[in-house]
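What you see below is based on every heavy atom in this structure, not just the backbone, and it leaves out hydrogens, waters and symmetry mates. Sequence positions, counted from 1, serve as the residue numbers for this chain. Whatever order the structure lists ligands and atoms in, that order sets their numbers, starting from 1.
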Amino acid sequence: MIDDTIAAVATAVAAGAGSVAIVRLSGPQAEAIGRRLFVAPGPQSWESHRVLYGHVVDPANGERVDEALLLLMRAPRSFTREDVVELHCHGGLICVQRVLELVLAAGARRAGAGEFSQRAFLNGRLDLTRAEAVSELVTARSRRAAQLAMAGLDGGLQHRIGALRERLLDQLAELEARVDFEEDLPPLDAAAVVAELEAVRGALLQLVADAQRGQLLREGLKVAIVGRPNVGKSSLLNRLSRTERAIVTDLPGTTRDLVESELVIQGVPLTLLDTAGIRATDDRVEQLGIARSRAALAAADVALLLFDLEAGWTAADQELREQVPPDVPLLVVGNKADLAAGTARAGATAGPAHPADVCISALSGAGQEQLEQALLRRCGHGGDQGLQVALNRRQRDLAAAAAAALARSLEAAQQQLPWDFWTIDLRAAVRALGEVTGEEVSEAVLDRVFSRFCIGK
Ligand SMILES: Nc1nc2c(ncn2[C@@H]2O[C@H](COP(=O)(O)OP(=O)(O)OP(=O)(O)O)[C@@H](O)[C@H]2O)c(=O)[nH]1
Ligand SMILES: [Mg+2]
């Protein structure tokens with residue numbers, strides 16, 4: 001039983017930003033604390049789901065701390081299914097922090113990360129997949145990621161995983177009955193059980209594969225732009241991100257540090273990294289920058305190797321290409337197509353003289369669209385048509401574990417082992433799926449899941 005009242009600022013907090021900020025309380029004392037701190041003039045009554053107008057007042061000295069609205073939502077008709085009070089204060093930093101301090105002084109406890117959602121889950125308002133979807137919706141970096149989160153919030157994941165788990169439970173019940181009462185029951189159609197386990201395993205493997213695409217939409221990818229000095233890496237970063245983030249000059253060795261820029265291409269969030277041009281140099285600062293370039297290359301999800309089409313594909317470019325770690329997908333891009341003759345037109349791919357996957361001009365923008373397409377393809381993004389729900393990492397690992405357990409169960413079937421050998425792994429699969437939705441989940445796991453949420457959610 002939860003008997004304390006938690007409070008936190010539920011909106012983003014920044015100096016001078018946002019005209020309204022919300023302090024949210026949840027728990028048995030929420031209304032009492034609200035009544036202590038909030039003075040509503042005139043004949044306004046404290047009804048559930050009604051907005052009151054008034055002031056937050058410091059009970060110690062009667063000082064008006066903020067002009068605010070108060071929204072009372074009595075249990076169980078609230079996000080947490082507890083009594084909830086929201087104080088809609090003025091935004092920024094000062095007012096809202098003072099209001100929160102008063103709320104804490106009046107007996108509420110500062111909420112931990114994800115604690116409101118955790119209560120909503122514990123009180124049966126949300127299953128675990130929906131609670132996670134709330135967090136994903138808040139942190140979505142692209143429109144598609146937000147759409148997937150909304151699908152999760154609508155229960156798309158819970159239904160799918162729940163239905164697969166039910167099917168396994170049906171088979172488990174049949175098998176376990178045979179373990180105990182084989183002679184009293186009609187014989188079991190082993191082939192039908194195997195077919196059903198295969199079907200569920202197939203559906204799980206499909207969900208795991210789709211998770212990869214969802215991951216991309218959700219978390220985005222780190223793309224490191226590398227190449228020799230002066231080939232136009234910084235110009236390309238500026239072009240793709242439509243900013244003047246990086247300094248561009250005609251001097252080789254301009255960029256010394258990593259420059260990061262976030263962008264969204266066709267709904268996929270990407271983090272672009274501009275790096276120092278790689279070459280042999282005696283300049284100490286440049287050497288340090290180049291070390292960072294190499295580290296960025298090693299940590300990238302995709303490497304974009306840029307070279308100068310006017311100068312052509314040189315031995316130094318080839319050397320760099322060989323330094324790209326074999327596990328980092330590579331896109332070779334020829335730049336300065338406006339200066340190059342012949343086949344190196346913007347948008348064109350490899351010609352006899354160069355191995356470019358695509359040619360562009362960072363200066364004019366020609367070939368940009370082809371580059372973006374090629375980049376998404378290299379990221380493994382084959383379009384997201386048909387993707388309605390996507391598991392997050394935690395859910396994907398559990399679905400994969402369930403599929404693996406089913407494979408072991410099917411192996412026991414193939415070897416015609418007794419029923420109880422089938423059930424061991426089948427039970428493990430059921431448990432893993434129960435952990436996805438939260439039906440079978442330990443407190444430690446729950447704490448880990450919710451601690452990734454932001455405060456106030
Ligand atoms: N004509 C032409 N010039 C370009 C193009 N892209 C970049 N440049 C020029 O090439 C020079 C170098 O560009 P940067 O973007 O600074 O090159 P960089 O690869 O970041 O260079 P470092 O930071 O020194 O490694 C600048 O004078 C740019 O204006 C292009 O597509 N066409
Ligand atoms: Mg540069």
Side-chain donor/acceptor pairs under 3.5 Å, residues 324-340, sequence neighbours excluded:
from, atom 1, to, atom 2, distance (Å)
N335, OD1, A362, N, 2.9
N335, ND2, V231, O, 2.8
K336, NZ, N230, O, 2.8
D338, OD1, S361, OG, 2.9

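Between the side chain of S142 and the backbone N or O of G267, at least one donor-acceptor pair lies under 3.5 Å.
Closest protein heavy atom to atom 12 (C) of ligand 1: N230 OD1, 3.1 Å. In this structure, atom 25 (O) of ligand 1 lies nearest to the protein heavy atom K233 NZ, 2.8 Å. Taking atom 6 (N) of ligand 1 as the reference point, the nearest protein heavy-atom neighbour is N335 ND2, 3.1 Å. Of the protein's non-hydrogen atoms, V248 CG1, 3.9 Å is the one closest to atom 29 (O) of ligand 1. Given atom 10 (O) of ligand 1, the protein heavy atom at minimum distance is K336 NZ, 3.1 Å. Considering only non-hydrogen protein atoms, atom 17 (O) of ligand 1 sits nearest to G232 N, 3.1 Å.
Take E63 and apply the side chain to side chain contact (heavy atoms under 4.5 Å, CB included) test, not counting sequence neighbours, and it matches D58, N61, R98. E369 meets the salt bridge (charged side-chain N to carboxylate O under 4.0 Å, His left out) test with no other residue; sequence neighbours excluded.
Of all the listed residues (G367, A246, S235, A276), S235 holds the heavy atom that lies closest to atom 14 (P) of ligand 1. Nearest to atom 24 (O) of ligand 1 by heavy-atom distance, out of P229, S234, G253, G277, is G253.
A donor atom on one side chain and an acceptor atom on the other are not found under 3.5 Å apart for R321 and Q318. Between D447 and Q118, the side chains place a donor N or O and an acceptor N or O closer than 3.5 Å (distance only, hydrogens not considered). Side-chain contact annotation: Q287 with D283, donor-acceptor N/O pair under 3.5 Å absent.
The pair D301-R378 fails the salt-bridge criterion, with no side-chain N (NZ, NE, NH1 or NH2) lying under 4.0 Å from an Asp/Glu carboxylate O. R292 and D257 are joined by a salt bridge, as a carboxylate oxygen and a charged side-chain nitrogen come within less than 4.0 angstrom of each other. Using a 4.0 Å cut-off between charged nitrogen and carboxylate oxygen, E262 and R245 do not count as a salt-bridge pair. A salt bridge links R109 with E115: the closest approach of a Lys/Arg side-chain nitrogen to an acidic carboxylate oxygen falls below 4.0 angstrom. Here E132 does not pair with R452 in a salt bridge; the nearest charged N to carboxylate O distance is not below 4.0 Å.
Counting only protein N, O or S atoms closer than 2.8 Å to the Mg ion (ligand 2) gives 2.
Taking only nitrogen or oxygen atoms, main chain and side chain alike, D274 does not reach within less than 3.5 Å of ligand 1. At least one N or O atom of V231, backbone or side chain, sits closer than 3.5 Å to an N or O atom of ligand 1.
Within the 4.0 Å heavy-atom criterion, the part of P252 lying near ligand 1 is the backbone and not the side chain.
Listed by number with element, the atoms of ligand 1 under 4.0 angstrom from any heavy atom of L339 are 1 (N). Per-residue contacts place L251 under 4.0 angstrom from the following atoms of ligand 1 (heavy atoms of the residue considered): 24 (O). Shown in contact with D338 at under 4.0 Å from a heavy atom are these atoms of ligand 1, numbered in order with element: 1 (N), 2 (C), 30 (C), 31 (O), 32 (N). Near D250, with a cut-off below 4.0 Å to any heavy atom, the atoms of ligand 1 are 27 (O). The distance from ligand 1 to the heavy atoms of T249 drops below 4.0 Å at these ligand atoms: 11 (C), 12 (C), 13 (O), 16 (O), 26 (C), 27 (O).
Geometrically, R24 engages F116 in a cation-pi contact defined by less than 6.0 Å to the ring centre and at most 45° from the axis.
In plain terms, the two heavy atoms of V208 and A399 that are nearest each other are CG2-CB, 3.9 Å.
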